[in-house]
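What follows is a set of notes on a single structure, which appears directly below.
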Amino acid sequence: MPQPPLDSSSSPTPPMALLRAAAAADLLRRHRRAPLPLLLSALSPPPPTTPESCPDGPSPVAPYFAPPPPPLCRRRRSWPPPPPPPRVSSSSYVGRGILLPATFSIYSPLSTSSSASPDGSPDEDSSPPHPSPAAAPPSSWVDRWLPQAARPYAMLARLDKPIGTWLLAWPCFWSISMAAMPGELPDMRMLALFGCGAVLLRGAGCTVNDLLDRDIDNKVERTKSRPFASGILTPTQGVGFLGLQLLLGLGILLQLNNYSRILGASSLLLVFSYPLMKRFTFWPQAYLGLTYNWGALLGWAAIKESLDPAIILPLYTAGICWTLVYDTIYAHQDKEDDLKVGVKSTALRFGDLTKHWISGFGVACIGSLALSGYSADLAWPYYPFLAAASAQLAWQISTVDLSDHLDCNRKFVSNKWFGALIFGGVLCGRLT
């Protein structure tokens, strides 16, 4: 007897079909399972909320595997917020918790570049930064104590740089001490007069030099800030100041004997012509030696009213050779600018043989001082001082770095100790 067809809506499902349906449901459930973090957050009970703590009302109940983020009212914030960590770039470094720019400058706290051209762009060939007048502290007693109107004149006379006055005064002190009687101190009044005269004559010489060189000084890095080159003073003001200096110097010269007055007045020819020498000869340092050591002649004449060639000529020669040593070292600071401007100096003349030349001048200086002391009958204490001065001069020549401007200036300034050693030796040799 044939069976009626089965109705799928009323007949039971075969066992194999049930197994397939269960496997499909299990596979679908695995794919829809939430990740573990979401599952854990969903299983953890939400924090209690109140209408006061959440003005927008409690959050809705989160579904099982898609929990929404908690409302903003439940986020715990700290105040003030922690600062972001410092950003360190390639141009900075961090040391002990302080962030500093790599090109930090003590002269300009707001500047991060070592130098810049006038239009603001970096200048790779420029020299290291120099203290700006606005940022650097006063560099000398002139800036600290003198009124504003007097400072340019003090700078013009180089009152802020006394080394030039010492180099001019030492030969005067040497000859005055040599002219003293054996066993006696030198004339203190004369030492004081020549000390004041050195300040005035050196200042007058600098004024003349800056007046004649004002068109050159503004092209040289070291001298472009001088009063005339920078425009702080006019040439008319400079001539007036020169007249005042010469008038005061005349008052000192009139305190001397007639022989010394004539000899002192003749030195003005050297003073006024020296600034022109660098335009015509490679030996302006030798001409400066003739000028700066004129006091070796004048000091003896002021005491003795005459000149003793056996004593004074070796002393004068020693001073000239000494000047050739220290001023050649000094000239190496400006040799690059001198080449550009077109002026001459022994630094350019000697070139790489500078140390050989100034060593020869140093030997001649010490030998002339020994001869002068011997002719003046100085006692034996003079010679240990002379040996110490020789060592100081040898130290200068052997250790100076002629390519380092700062080292050249240090060695130049150290010559005040050379002059002091010779002066001490003459005093001890005369008193013994």
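It should be emphasised that the depicted structure is a prediction, and the values quoted were computed from it without experimental measurement. Quick note: residue numbers are just sequence positions, from 1.
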Less than 4.0 angstrom from a charged side-chain N to a carboxylate O is my criterion; do Asp338 and Lys219 meet it?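 Salt bridge absent between Asp338 and Lys219.
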Considering only NZ, NE, NH1 and NH2 on the basic side and carboxylate oxygens on the acidic side, decide whether Asp401 and Lys411 come within less than 4.0 Å. no
Can you list the steps and then say if Thr323 with Asn293 is a side chain to side chain donor-acceptor pair (under 3.5 Å)? CA-CA 8 Å; Thr323 304; Asn293 295 279; 2.9 Å; yes
Could you note down all residue pairs passing side-chain hydrogen bond (donor to acceptor under 3.5 Å, both in side chains) where residues 414-425 supplies at least one of them, sequence neighbours left out? Trp322-Asn415, Gln392-Ser414, Gln396-Asn415
Can you tell me if Arg279 uses its side chain to pair, donor with acceptor, with the backbone of Pro275 under 3.5 Å? yes
For Ile252, is there any backbone N or O sitting under 3.5 Å from a side-chain donor or acceptor partner on Gln255? no
In terms of heavy-atom contacts, does CH2 of Trp395 have more than 12 from other residues, nucleotides or ligands at under 6.0 Å?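 Yes - once you tally the heavy atoms of other residues, nucleotides and ligands closer than 6.0 Å, there are more than 12.
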Please test Met178 against Ser372 for side chain to side chain contact (heavy atoms under 4.5 Å, CB included), starting from the C-alpha separation and ending with a verdict. CA-CA 9 Å; Met178 282 187 178; Ser372 180; 3.6 Å; yes
Determine, using ring centers only, whether Phe423 and Trp174 are less than 6.0 Å apart. no
For this output row, return yes or no: ring centroids of Trp300 and Tyr316 closer than 6.0 angstrom. no
As an exercise, state the distance from CG of Leu269 to OH of Tyr274, rounded to the nearest 0.5 Å. 15.0 Å
Does the plane of the ring in Trp283 sit parallel, tilted or perpendicular to the ring in Phe350? Use 30° and 60° as the thresholds.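 Ring orientation of Trp283 relative to Phe350: perpendicular.
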